[in-house]
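Step one of this worksheet: look at the structure below.
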2 protein chains.
Amino acid sequence: MRQAYGQFCPVALASEVLAERWTFLVVRELLAGARRFNEIRRGVPRLSATLLKQRLQRLEAEGIVERGRSSRRSAAGYELTSAGVALKPVIAAVGEWGQRWARDIEAKDLDPGWLVWAMHRRLNTAVMPPGRTVIEIEFVDAPASTRQFWLVHSGGAVDVCIKDPGYEPDVRVATPLRLWAEIWRGLRPLKAAMRSGAVRLDGRADLRRDFPGWLMLSVFAPVGRLR
Amino acid sequence: MRQAYGQFCPVALASEVLAERWTFLVVRELLAGARRFNEIRRGVPRLSATLLKQRLQRLEAEGIVERGRSSRRSAAGYELTSAGVALKPVIAAVGEWGQRWARDIEAKDLDPGWLVWAMHRRLNTAVMPPGRTVIEIEFVDAPASTRQFWLVHSGGAVDVCIKDPGYEPDVRVATPLRLWAEIWRGLRPLKAAMRSGAVRLDGRADLRRDFPGWLMLSVFAPVGRLR
DNA sequence: CGGTATCCCCCGCGATACTG
DNA sequence: CAGTATCGCGGGGGATACCG
């Protein structure tokens, strides 16, 4: 509570909690459906366990988050309360502003693992083939350790692998990292990048054709950049 | 730029700037029409000059604020750019959430000077009498130094005085501080408080009758509290 | 998996005084 | 009025190792 601003304006009272470092990102993860501690961490990889715990405790104290019911303590996930769900328009407004007006991205923002993690939540599994589908992503200009990822869809669930899962990929995507980030953000059309050869697809012709329809892109991709 | 979160999600990019301590309050002041350095300070009294300058510089670097044109440097005010004006929905969303869901106010949040400063921007001067009107506010339970204030309206402009301006008040208001804060926030109706005698009005009968119509209350007063 | 515990550094920020 | 300069501290938080 050291963040007290000494005024009872609703913007000030809300900021005491919300405008702490990392908090918007934690709330974003919870709104996106994350429930487990480490699930949140994967969406906010640079946030340490200690600090995440602190933020979650603060959010719990403020009535924004509550622990799920479970006999075992560590099996209890984190859930948004009504007050937490009510933050959806706040995050939406912040994200829309960010998409329109925030600074351009730099090399240090381009975390391949995070990008793939974001993708795995935005695959339109309803239109994907039944059975198992494996998508391999290769960032052609990334160092070996973050060069390849696999998205494994099966029965509506999508897993992210950082090692070859052993199954033959149905579709392989090879792309420069920054270009893929720009496509993800809605700043460039995927199809043009495929036509120009900057993004290369490999796999059966029908799957290559359908692949763009599986990708829902970033939630904020439809928001036009104005900066 | 130490606030970098290492991801290019628009929520993260926006948070780097916006989720710094004090920043929302500075932006709130600018959106409310503040232009001069010390005008902003009056709306955020606990923010030091040094830190305010830092925040304004950051906002300028991010393209949210720009200096007005003027020959003399210090005559140049601060203005919101298009990117800055676009923060209006963000502040609105934060404030609405705060009004509905933020913690209850405590004694430390009840700054009488700030409350009067907020009031001075929300007087409906269009419906006030022509010529000069002086409103005296007395917080009956406040210490002597923050007990009395005067709002002086003249020709559409409203000044706040912390000393007796010398003019005879047209309306005198005597109220407990917390009660007035709750009325201001829209949590209690002014008229009921007047009827019960908790808020006492003094002055000519017609002015006493009209006085409630002069007060526009907090921007967020119409938002219903849910907590 | 879901945390704790500890150590330590750095820098954010408050306070105070001074200036064009 | 609109800052700048300086100093000093507190604690936020990064790194690392450990635990139920």
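Residue numbering restarts at 1 for every chain, and letters A, B, ... go by the order of the sequence lines. For the numbers below, each heavy atom of this structure counts, side chains included, while hydrogens, waters and symmetry mates do not. All figures in this text were calculated on a predicted structure; none of them were measured in a lab.
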Considering residues at least two apart in sequence or located in another chain, which fulfil the side chain to side chain donor-acceptor pair (under 3.5 Å) criterion with A/D111?
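Listed in chain order: nothing, the list is empty.
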Residues in side chain to side chain donor-acceptor pair (under 3.5 Å) with A/R178, at least two apart?
none
Would you tell me if any nitrogen or oxygen in the side chain of B/R67 comes within less than 4.0 Å of OP1 or OP2 on D/dG3?
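The answer is yes; a side-chain N or O of B/R67 sits under 4.0 Å from OP1 or OP2.
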Looking at B/Y78, I'd like to know whether one of its side-chain N or O atoms comes within less than 4.0 Å of OP1 or OP2 on D/dC1.
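No, outside the criterion.
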Would you indicate which nucleotide in [options] comes nearest to any side-chain atom of [X]?
X	options	value
A/S48	C/dC1, C/dG3, D/dG14	D/dG14
B/L51	D/dG14, C/dC13, C/dG2	C/dC13
A/T50	C/dT4, D/dG3, C/dG2	C/dT4

Angle between the two end axes of the helix from C/dC1-D/dG20 to C/dG20-D/dC1, five base pairs per end, rounded to 10 degrees?
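Answer rounded to 10°: the end axes differ by 60°.
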Taking A/R103 first and then A/D109, would you say they form a salt bridge - that is, a charged N and a carboxylate O separated by under 4.0 Å?
yes
d([atom1], [X]; [atom2], [N]) in whole Å:
X	N	atom1	atom2	answer
A/R46	D/dG14	CZ	P	9 Å
B/F37	C/dG20	CZ	P	18 Å
A/Q57	C/dT4	CD	P	6 Å
A/L56	C/dT4	CG	C1'	15 Å
B/K53	D/dT6	NZ	P	17 Å
B/R41	C/dG14	CZ	C1'	12 Å
B/I40	D/dC1	CD1	C1'	13 Å
B/R21	D/dG11	CZ	P	13 Å

Using the test ring pair (Phe, Tyr, Trp, His ring centres under 6.0 Å), find all partners of B/H120 that sit at least two apart in sequence or belong to another chain.
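Per chain and number, B/H120 pairs via ring pair (Phe, Tyr, Trp, His ring centres under 6.0 Å) with B/W117.
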Sequence-distant partners of B/W114, ring pair (Phe, Tyr, Trp, His ring centres under 6.0 Å), two or more places apart
A/F8
Excluding sequence neighbours, so at least two apart, what forms salt bridge (charged side-chain N to carboxylate O under 4.0 Å, His left out) with A/R121?
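A/R121 satisfies salt bridge (charged side-chain N to carboxylate O under 4.0 Å, His left out) with A/E29 once adjacent residues are dropped.
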Under 3.5 Å, is there a donor-acceptor pair between the B/Y78 and B/R67 side chains?
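Side chains of B/Y78 and B/R67: pair found under 3.5 Å.
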At 4.0 Å (heavy atoms only), tell me whether A/R55 reaches a base, stays on the sugar-phosphate, or touches nothing.
sugar-phosphate
